[in-house]
Structures are given as C-alpha cells and as structure tokens.
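First listed ligand is number 1; within each ligand, the first listed atom is number 1.
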Amino acid sequence: MQFEKTPGWLDWYADPSRPVFRAPPGAVDAHCHVFGPGERFPYAPERKYTPCDASREQLFALRDHLGFERNVVVQATCHGADNRALVDALEGSNGMARGVATVRRSVTDEELRALDAVGVRGVRFNFVKRLVDFTPKDELLEIAKRIAPLGWHIVVYFEAVDLPELWDFFTALPTTVVVDHMGRPDVTKPVDGPEFELFVKLMREHENVWSKVSCPERLSVSGPPALNGERAAYRDVVPFARRLVETFPDRVLWGTDWPHPNLKGHMPDDGLLVDFIPHIAPTAELQRKLLVDNPMRLYWPEESGGTRSPGG
Ligand SMILES: O=C(O)c1cc(C(=O)O)oc(=O)c1
C-alpha cells in the first residue's frame, strides 16, 4: 500500500494565528494527538495513513500559544494499539495532560494499571471505515467491562449514517461514552432533521453520553474564511455544535484535533478554531463548562472536588 504525506502540512500547523477569543483560566484542549516521532515510536503496520511527526513539544507549545493549560491526548489510529507515543506525551506533561488509549483484548491488567498510573482515563473505539479495520463488538464489550472498574470511559468515533446500526452497542456500554466530533453530522442536512435528531436523542435518553463539539474543519462544507481577515470560520457547523452546547451544557467537550490528520482540502489555523468557540458557546458560563468544568470533571476529578467512580 502507498502512503501519502499531506504537502505543506508542517508549514501550516507550525504557524497558527493567535486567537482573539481568550479561553477561561484552566482551559483544556480535550482532543488532540501526538504522532511519533516515527523513529522512536513507529507507526502501526496496520495503519491507513502515515502522518508527519507531531511531537509532544509542538503540542505543548501550541497549547500555550492558544491560551490553554491542559490537553487530553487521544490515541490516533496510525499508532494502532501501541500507546508508547501517547505515554511519552503524558509523562512529559507535568500532570497537565491525560490520555485516551487504544487497547486490544490481549492487554493485561498490569498494562492497564500502568496506563492508568501515567494518566490514561479512557479507551477509544473507532468505527470510521477509512481509518480502521473492523474490531468485533464482543471484543470491544470485553474491553469495556475490563476498563469500567478503573473509572475510565469510552470514546467512540463513527459517521452519522452508521449511528442506527451502532445504537444498541453504544447504549449497552457500561461507562461514560464520549462521542468524537458530534458523531460527524452531514451539515448540509437540517440541524433539526432526522439524522441529527437521532444523535440528540441518543444524548437526551442516555445521560452517560457526552459529545465533543470539535472538528468544524472536517464537517464544514462552507470551509474556512477567505484570507480576508474574517475570523468566523466554518459557519455551517455552528448550529449543530451550538445546539449540543446549549442542550447538554454539562456533557460537552472541545478540542483542536491538532495536528489534523487526513485533511486534504486545507489545513486549519488553530487560532481560528479557538475563535469558533464563542459562536457555539455564547456565554461565559457555557464557555467555562465546555472548556474547564466538564473536562476537569472527566479527566481530573480529584482536582474538581470529585472522585473517580467505577463505571466512569
Ligand atoms: O477524521 C480523521 O481522519 C481522524 C483520524 C483520527 C485518527 O486517526 O485517530 O482521529 C481523529 O480524531 C480524526
């Protein structure tokens, strides 16, 4: 198989603009990745793409540049179930990053405990066909039952058209379930149409389901603004994200998705992505919940007056 690197990728993400929006103190970028460096942390043989290296140092520099304080680093599919790059990032974070890992059913209890000790608080199940080969649901359920007693949660990534088929599986999971990128709605469809209503219903009927209101750059058809100083990017995604933030203010998270793997049309400016936040969370209270209270409750409960409870 031939792997392609996206031309110009590094140039773009090395130079994001400074956002106009000031994140509240303690803000968490709750969805980002580290890639490699490939020489130290090789990419998985079963990967569907090969990214450019994106190191923990670059990630933490971006965090500071954007005015954020913490990260949740999510295991990317190009690293498969080899979590060494993720662990390295968590170890280098001074406790300011938590992680979401990928594991197989062969993972030992000792390995789970070691991941927990370094800051992993969840596992990711991926159902996006261009990114992974299918993992049998019985294996995923077995993993879910193993991680629940640790107080971890499950992050799921899927396309909106696949939600009806995945519904029973998701609603049987025994932990908090965090959906990546709003379940990837088709934003050319109405925000109150049947497809997005099904996702809203999932969250309404299942209080253990959370959503990341992230990745407008992946979902948008209108795209980023022309290079004319306009900072209100990805407007067609706003109604979807805003509906979730306003309806479920205590169960939404936000992240940059840096370094934006697999984006071919354009590379997003992370500063512009931060300036998307006040459009989807228009009040200071909603912004604080989205960027501080919710991620702290899920990833640093010991610092926000809670404890980790088995079952996530
Ligand atoms: O849409 C994507 O291509 C994508 C890929 C990955 C990954 O490879 O893990 O993660 C994401 O959050 C999004």
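- The Asp257 neighbourhood of ligand 1 comprises atoms 11 (C), 12 (O), with distances under 4.0 Å to a heavy atom of that residue.
- The residue Asp180 has no part lying near ligand 1, judged by heavy-atom distances below 4.0 Å.
- For ligand 1, the atoms lying closer than 4.0 Å to a non-hydrogen atom of Arg184 are 1 (O).
- For ligand 1, the atoms lying closer than 4.0 Å to a non-hydrogen atom of His33 are 10 (O), 11 (C), 12 (O).
- Under 4.0 Å from ligand 1, not a single heavy atom of Lys212 appears.
- Salt bridge absent: Glu197 and Lys189 never bring a charged side-chain N and a carboxylate O closer than 4.0 Å.
- Ring pair Phe169/Phe125 is tilted by interplanar angle, where 30° to 60° counts as tilted.
- Comment: Lys137 engages Glu165 in a salt bridge, judged by a side-chain N to carboxylate O separation of less than 4.0 angstrom.
- An N or O contact shorter than 3.5 Å is missing between Asn126 and ligand 1 by distance.
- A salt bridge is absent between Arg98 and Glu303; no separation between the charged side-chain nitrogens and carboxylate oxygens falls under 4.0 Å.
- Atom numbering of ligand 1 starts at 1 in the shown order; those under 4.0 Å from a heavy atom of Tyr49 are 7 (C), 8 (O).
- Side chain to side chain, Asp53 and Tyr43 meet the donor-acceptor criterion of an N or O pair below 3.5 Å.
- For Arg130, the heavy-atom gap to ligand 1 drops under 4.0 angstrom.
- Under 4.0 Å from ligand 1, the heavy atoms of Leu131 that appear belong solely to its side chain.
- When only interatomic distances are considered, the shortest N/O to N/O separation between Tyr157 and ligand 1 falls below 3.5 Å.
- Aromatic ring pairs are classed by plane angle as parallel below 30°, tilted from 30° to 60° and perpendicular above 60°; the pair His33 and Phe35 is parallel.
- Under a hydrophobic clustering in which Ile, Leu, Val, Met, Phe, Trp and Tyr are joined whenever their side-chain heavy atoms come within less than 4.5 Å, directly or via other members, Met96 and Tyr299 fall into different clusters.
- In the candidate list Arg124, His181, Arg218, His31, Arg124 is nearest to atom 10 (O) of ligand 1, counting heavy atoms.
- Residue-level proximity to ligand 1 for Asn262 is carried by the side chain, the only part with a heavy atom below 4.0 angstrom.
- Ion pairing between Lys212 and Asp257 fails under the 4.0 Å rule for side-chain N and carboxylate O.
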